[in-house]
Amino acid sequence: MTIDEQVSTYYNMLLKRNAGEPEFHQAVAEVLDSLKIVLEKDPHYADYGLIQRLCEPERQLIFRVPWVDDDGMVQVNRGFRVQFNSALGPYKGGLRFHPSVNLGIIKFLGFEQIFKNSLTGLPIGGGKGGSDFDPKGKSDAEIMRFCQSFMTELHNHIGEYRDVPAGDIGVGAREIGYLFGQYRRLAGQHESGVLTGKGLTWGGSLVRKEATGYGLVYLTAEMLKAHGESLAGAKVIVSGSGNVAIYAIEKAQELGATVIGFSDSSGWIETPNGVDVAKLREIKEERRERAAVYCDEVEGAICHTDGSIWDLKADVALPCATQNELDGDHARALAANGVRFVAEGANMPSTPEAIEVFRAKGVYFAPGKAANAGGVATSALEMQQNASRDSWSFEYTDQRLHKIMSNIYRTIAATAKEYGHEGDYVLGANIAGFKKVADAMLAQGVI
Ligand code: NDP
């Protein structure tokens with residue numbers, strides 16, 4: 001069998017076994033495509049069912065999450081935790097609370113997480129979890145009761161050496177607080193290493209809140225530098241207005257860029273003079289309001305409910321909202337408008353067609369599993385601080401993050417070059433992330 005036939009056989013088996021999970025299929029297809037070239041060169045990576053084992057989660061948990069709303073009515077949601085691969089360390093990956101969550105989405109996120117965590121160079125495996133619970137419009141008390149019910153089941157399956165969840169869409173500092181409180185109560189001990197993204201007075205790490213956005217911009221700056229460009233004076237589009245987007249905007253502007261637009265699921269906001277980050281943080285983090293409120297409060301900002309943020313004329317685009325938010329047409333518009341660099345803050349925000357367009361048009365493209373790894377990397381630094389009962393300064397932690405992101409850029413660029421595809425960072429990230437996990441899996445036997 002040729003390598004192409006071998007890989008199609010794996011993929012067709014996966015489609016059959018995981019029917020109705022298009023996001024998971026998409027994530028696996030991209031990685032398998034990159035791995036063909038590795039299997040040509042090093043066929044031993046197909047031995048011992050390695051590829052099939054890599055694509056099958058070690059464990060998938062689905063559970064009922066009943067809770068009582070403020071009207072005294074019982075609500076029932078579904079909870080998930082997919083423990084995908086622990087060859088490099090305990091499962092690590094966030095929890096997402098969003099009505100769109102289903103098993104396929106958690107599996108795609110968990111699968112991506114394996115390679116991302118491997119790229120950080122830190123000893124963490126891949127996992128992901130969440131629920132179809134919608135935190136929007138819920139009272140604090142409802143969020144607390146939901147989190148307590150969710151953790152009542154999840155606590156049986158996690159632990160400092162076993163599985164360490166964190167935040168993602170819809171799960172920020174408030175939710176991590178309620179989840180940790182319930183874990184501590186059920187476990188009867190203050191096991192700080194069981195969750196990351198904690199508050200600073202009870203085991204959290206400085207820079208964790210900023211880490212994904214800052215890390216994204218550190219890697220973007222590194223990519224621009226390698227091609228003789230810089231963020232100073234650049235025009236940047238950032239989609240989303242959540243945790244990743246806010247701190248990407250802050251760091252990009254600190255490095256001299258002007259962020260000319262951001263968004264949420266209701267529309268997008270054009271900011272030709274740059275973003276007032278303090279105001280955006282107040283609206284989103286303190287008041288928990290919609291992004292459109294920004295237009296009422298900041299002069300020069302223009303709110304749009306039609307058209308697309310990707311139609312703006314810019315140099316750099318940083319998609320930071322959600323999966324498949326940037327399609328082929330958006331990619332063509334970006335390239336036509338002069339965007340030369342795209343780096344993903346969100347997980348899989350660009351469709352396969354968009355990535356093809358970027359390749360064809362010579363737009364440098366850093367995939368999420370490399371570009372947004374700063375969040376999980378700093379979570380691993382939080383675990384290190386918890387294990388040594390220490391807490392590091394902002395400057396020191398930020399330096400560590402910066403170094404990790406620069407290393408990731410160097411690794412994916414060097415790997416792409418080694419395999420004869422210089423500048424193809426998708427290939428570089430998939431291959432470099434894969435080889436480390438694959439070597440560990442081969443060394444540890446068929447399990
Ligand atoms: P938040 O919940 O803080 O913010 C999410 C943002 O994306 C909001 O502006 C939200 O708008 C928007 N959004 C969510 N779903 C949709 C949708 N279906 N259509 C359009 N916009 C949407 O999440 P984060 O900032 O933490 O996460 C953003 C992305 O980054 C996700 O892909 C996540 O997996 C990824 N990521 C996050 C990390 C982290 O450390 N937090 C680490 C690595 C990756 P609205 O408020 O209207 O819903």
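For ligands, and for the atoms within them, numbers begin at 1 and follow the listed sequence.
- Residue pairs meeting the side chain to side chain donor-acceptor pair (under 3.5 Å) criterion with at least one partner in residues 268-281, sequence neighbours excluded, are Y247-R281, E270-H304, K279-E297, R281-E285.
- Near G345, meaning under 4.0 Å from any of its heavy atoms, are these atoms of ligand 1: 30 (O), 35 (C), 36 (N), 44 (C).
- Heavy-atom proximity to R96, at under 4.0 Å, picks out these atoms of ligand 1: 31 (C), 32 (O), 33 (C), 34 (O).
- Between Y425 and Y409, the gap from one ring centroid to the other is short of 6.0 Å.
- From the protein, the heavy atom lying nearest to atom 32 (O) of ligand 1 is N347 N, 3.1 Å.
- One side chain, E30 or N430, offers a donor N or O that lies under 3.5 Å from an acceptor on the other.
- With hydrogens left out, the protein atom closest to atom 31 (C) of ligand 1 is A321 O, 3.4 Å, a heavy atom.
- Taking a cut-off of under 4.0 Å to the non-hydrogen atoms of G240, the atoms of ligand 1 that pass are 9 (O).
- Surrounding CZ of R53 are more than 12 heavy atoms belonging to other residues, nucleotides or ligands, all under 6.0 Å away.
- Summary of contacts: the protein heavy atom closest to atom 16 (C) of ligand 1 is T322 CG2, 3.6 Å.
- Looking at D168 next to ligand 1, an N or O pair under 3.5 Å apart turns up.
- For the residue pair Q83/D163, the side-chain donor-acceptor check at 3.5 Å is satisfied.
- Taking the six-membered ring for Trp and thresholds of 30 and 60 degrees, H402 and Y218 have nearly parallel ring planes, at less than 30 degrees apart.
- With V244, N324, I246 as candidates, the residue nearest to atom 37 (C) of ligand 1 on a non-hydrogen basis is V244.
- The salt bridge (charged side-chain N to carboxylate O under 4.0 Å, His left out) check on R174 picks up D140, with sequence neighbours excluded.
- In this structure, atom 45 (P) of ligand 1 lies nearest to the protein heavy atom S265 OG, 3.5 Å.
- Counting protein heavy atoms only, atom 4 (O) of ligand 1 is closest to G242 CA, 3.2 Å.
- A side chain to side chain contact (heavy atoms under 4.5 Å, CB included) with F262 is found for one member of L318, V275, I246 and no other, namely V275.
- Looking at S241, A373, P135, S266 and measuring to atom 9 (O) of ligand 1, the nearest heavy atom belongs to S241.
- Residues Y214 and E250 bring a donor and an acceptor atom of their side chains to less than 3.5 Å of each other.
- Counting atoms of ligand 1 from 1 in the listed order, those under 4.0 Å from a heavy atom of R208 are 40 (O).
- Scanning K136, H98, K284, Q113 for the heavy atom closest to atom 48 (O) of ligand 1 points to K136.
- Contacts between C320 and ligand 1, counted as non-hydrogen atom pairs separated by less than 4.0 Å, involve the backbone only.
- By the 6.0 Å contact criterion, CZ on R64 is open, its count of non-hydrogen atoms from other residues, nucleotides or ligands being 12 or less.
- Using a 4.0 Å cut-off between heavy atoms, E210 makes no contact with ligand 1 at all.
- For NZ of K284, the number of neighbouring non-hydrogen atoms (other residues, nucleotides, ligands) closer than 6.0 Å is greater than 12.
- The ligand atoms of ligand 1 that sit less than 4.0 angstrom from a heavy atom of R290 are 45 (P), 46 (O), 47 (O).
- Listed by number with element, the atoms of ligand 1 under 4.0 Å from a non-hydrogen atom of G170 are 2 (O).
- For the residue pair Q148 / Y178, no side-chain donor-acceptor distance below 3.5 Å is found, with atom types taken as modelled.
- Closest to atom 40 (O) of ligand 1 among all protein heavy atoms lies T212 OG1, 2.7 Å.
- Atom 3 (O) of ligand 1 has N243 N, 2.9 Å as its closest protein atom, hydrogens excluded (heavy atom only).
- With respect to atom 27 (O) of ligand 1, the closest heavy atom belonging to the protein is I169 CG1, 3.6 Å.
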